[in-house]
Undergrad: 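I'd like to ask you about the structure that follows.
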Number of protein chains: 2
Amino acid sequence: MTDLSTRDLLLKTASDLFRRKGYDGVGLSEILKASGVPKGSLYHHFPGGKAELGAAATRWIGGVLQRRLDRAFESSASFTDGMVALCALLGDWVALGACPVMSVVQAGDQDPQLREAARAVLDDWRGCLRAHAERLGEPDPEDLAEQLLMQLEGAWVIASAEGEPRAFRKLSDFLQKAQKLAI
Amino acid sequence: MTDLSTRDLLLKTASDLFRRKGYDGVGLSEILKASGVPKGSLYHHFPGGKAELGAAATRWIGGVLQRRLDRAFESSASFTDGMVALCALLGDWVALGACPVMSVVQAGDQDPQLREAARAVLDDWRGCLRAHAERLGEPDPEDLAEQLLMQLEGAWVIASAEGEPRAFRKLSDFLQKAQKLAI
DNA sequence: TCCGCACTAGACCGATTGGTCCAGATGGGC
DNA sequence: GCCCATCTGGACCAATCGGTCTAGTGCGGA
């Protein structure tokens, strides 16, 4: 662990490419070329090869995004405000790629590591949403977190297919409208 | 067009495999072996190769699923009832593979046909939901369709990651709870 | 100074990829 | 009976796949 940079560079490059093209859509050679890291280094840091790299990259980018999620909610006065901020953020990032979970789930058939990494990221995000819902005084934070995770993932799929953040803007509108009705 | 069976067999086999493993996770050889169709026939029916087959298979399975969607709503007294029936159906089908849209969106980088097919399927489904919402007397069918499409896609992603239909059951519960509140 | 370990660098491997090509089978219209 | 178009069957191709292996590099501690 003396050299964080090579390992982290691989994680960042790999997760970028996986999110853009999907796990099976990216070859190791492409990751190596983009990162400038030779093959020997990859197999030194990830002896399990592509599958281990894929699982690690998924968890890594999952953690990065979760920290952004936390920040969005911490600077918001209500849960709805936090969700609106999050939608704006994810909308701006549509061009950077799809949801990291979506990028690896279908490759879970080949290697259980990948499916497990995807599950773990979803669980973390759900727990994170639940905690903020509870903190901001929402009733039934468990169900609210589940429902919003669903809507976020769905918006991400649609936005990726359309290549533009329209779906996230729509979701943002829905949430604000629902809040107005509740007041 | 004398022989529909070979072409249709290819479409069915390909969409099955693509939904299970993703577009880039399936090789042509696997499709050919599973269907028993030789390579020459594939390139006769789909001169554009894998991309054309992928786009056609996506639209084909999209149409099949839309017909099931229609049936679920036609035998329901309210929009919520239709959605609940649809959730049950999709929940039972989780093992059959992910959403066909999700299977090809990320491969849209390689070939625009695939992205366009994914968009077209989403548009069809959205239009279909909107029509049923309107027919069943829902106010603002446009937005309702959009929101439910989002939730369905999100539930599908989560259910695929978890390998079980829990997410669809949750979505079903949410919709029924929301209906009770509105009454 | 020199040893030892963590790491880099990339040549090399067999398997598989998507794609091309053509020889043959088939069948309906003349 | 013949012919042409449609379709099938599969050999063959270069390129790329993920993975292995080993020689070399550089640095920290004894």
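Proteins get letters first, then strands, A, B, ... in listed order; numbering begins at 1 in each.
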Undergrad: Would you mind reading off the distance between B:Glu52 atom CD and C:dG19 atom P, rounded to a whole angstrom?
TA: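 B:Glu52 atom CD is separated from C:dG19 atom P by 11 Å.
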Undergrad: List the atom pairs, donor and acceptor, that lie under 3.5 Å between side-chain atoms in residues 49-56 of chain B and the rest of the protein, sequence neighbours left out.
TA:
unit_1: B:Lys50; atom_1: NZ; unit_2: B:Tyr23; atom_2: O; d: 3.0
unit_1: B:Lys50; atom_1: NZ; unit_2: B:Val26; atom_2: O; d: 2.8
unit_1: B:Glu52; atom_1: OE1; unit_2: B:Gly48; atom_2: N; d: 2.5

Undergrad: Determine: side-chain N/O of B:Thr6 to OP1/OP2 of D:dT8, distance under 4.0 Å, yes or no.
TA: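 Answer yes for this pair, as a side-chain N or O of B:Thr6 is under 4.0 Å from OP1 or OP2.
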Undergrad: Output the single nucleotide from D:dG9, C:dC7, C:dG18 whose closest atom is nearest the side chain of B:Pro38.
TA: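 Nearest listed nucleotide: D:dG9.
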Undergrad: Between A:Asp8 and A:Lys12, is the salt bridge (charged side-chain N to carboxylate O under 4.0 Å, His left out) condition met? List the steps.
TA: CA-CA 6 Å; A:Asp8 282 0; A:Lys12 176 164 174 34; over 6 Å; no
Undergrad: Starting at atom CD of A:Gln113, determine the distance to atom P of D:dG18, rounded to an integer number of angstrom.
TA: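 Distance check: A:Gln113 CD to D:dG18 P gives 15 Å.
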Undergrad: Tell me the interatomic distance from A:Leu114, atom CG, to D:dG18, atom P, rounded to whole angstroms.
TA: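 Roughly 13 Å, once rounded to whole Å.
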Undergrad: Within this structure, what is the CG-to-P distance between B:Leu53 and C:dG19, rounded to whole angstrom?
TA: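 Spelled out: CG on B:Leu53 to P on C:dG19 is 10 Å.
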Undergrad: With the sugar-phosphate defined as primed atoms, P, OP1 and OP2, and the base as all remaining atoms, what B/S/- string results for nucleotides 21-26 of chain D, 5' to 3', for protein heavy atoms under 4.0 Å?
TA: ------
Undergrad: Could you tell me the separation between the NZ atom of A:Lys50 and the C1' atom of D:dT20, rounded to a whole number of Å?
TA: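 After rounding, the reported distance stands at 17 Å.
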Undergrad: Pull out every residue in residues 18-35 of chain A that has a heavy atom closer than 4.0 Å to any atom of DNA chain D, ordered by number, or say none.
TA: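 The stretch gives A:Val26, A:Gly27, A:Leu28, A:Ser29 as the residues lying under 4.0 Å from the strand, ordered by number.
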Undergrad: Throw together a table of side-chain donor-acceptor distances under 3.5 angstrom for residues 139-150 of chain B, partners on residues two or more places apart or in other chains.
TA:
unit_1: B:Asp143; atom_1: OD1; unit_2: A:Lys170; atom_2: NZ; d: 2.8
unit_1: B:Asp143; atom_1: OD2; unit_2: A:Lys177; atom_2: NZ; d: 3.1
unit_1: B:Glu146; atom_1: OE1; unit_2: A:Arg166; atom_2: NH1; d: 3.2
unit_1: B:Glu146; atom_1: OE1; unit_2: B:Arg126; atom_2: NE; d: 3.0
unit_1: B:Glu146; atom_1: OE2; unit_2: A:Arg166; atom_2: NH2; d: 3.3

Undergrad: For residues 94-106 of chain A, tabulate all N or O donor-acceptor pairs below 3.5 Å that involve a side-chain atom, not counting sequence neighbours.
TA:
unit_1: A:Ser103; atom_1: OG; unit_2: A:Phe18; atom_2: O; d: 3.3
unit_1: A:Ser103; atom_1: OG; unit_2: A:Cys99; atom_2: O; d: 3.2
unit_1: A:Ser103; atom_1: OG; unit_2: B:Gln106; atom_2: OE1; d: 2.8
unit_1: A:Gln106; atom_1: OE1; unit_2: B:Ser103; atom_2: OG; d: 2.8

Undergrad: What is the distance, rounded to the nearest whole Å, between atom CG of A:Leu9 and atom C1' of C:dT8?
TA: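 Roughly 14 Å, once rounded to whole Å.
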Undergrad: Is it true that, when you exclude A:Glu116 itself, more than 12 heavy atoms of the residues, nucleotides or ligands shown sit nearer than 6.0 Å to its CD?
TA: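 No, the 6.0 Å shell around CD holds no more than 12 heavy atoms from other groups.
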Undergrad: Nearest whole Å is fine: how far is C:dT20 P from B:His44 NE2?
TA: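 About 16 Å, once rounded to whole Å.
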Undergrad: Could you list the residues that satisfy salt bridge (charged side-chain N to carboxylate O under 4.0 Å, His left out) with B:Arg68, not counting sequence neighbours?
TA: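 With sequence neighbours excluded, B:Arg68 shows a salt bridge (charged side-chain N to carboxylate O under 4.0 Å, His left out) to no residue whatsoever.
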Undergrad: Can you sort out the partners of B:Asp111 under salt bridge (charged side-chain N to carboxylate O under 4.0 Å, His left out), two or more places apart, ordered by chain and number?
TA: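 Salt bridge (charged side-chain N to carboxylate O under 4.0 Å, His left out) check on B:Asp111 returns nothing, list empty.
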Undergrad: Return all side-chain donor-acceptor pairs below 3.5 angstrom for residues 77-84 of chain B, not counting sequence neighbours, or 'none' if the list is empty.
TA:
unit_1: B:Ser78; atom_1: OG; unit_2: B:Asp81; atom_2: N; d: 3.1

Undergrad: Enumerate the salt bridge (Lys or Arg N to Asp or Glu O under 4.0 Å) contacts for residues 22-48 of chain A, please, sequence neighbours excluded, ordered by first and then second residue.
TA: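 Listed once each, the pairs are A:Lys21-A:Glu30.
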Undergrad: Atom NE2 of A:His45 and atom C1' of C:dC7: how far apart are they, to the nearest Å?
TA: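 Interatomic distance, NE2 of A:His45 to C1' of C:dC7: 7 Å.
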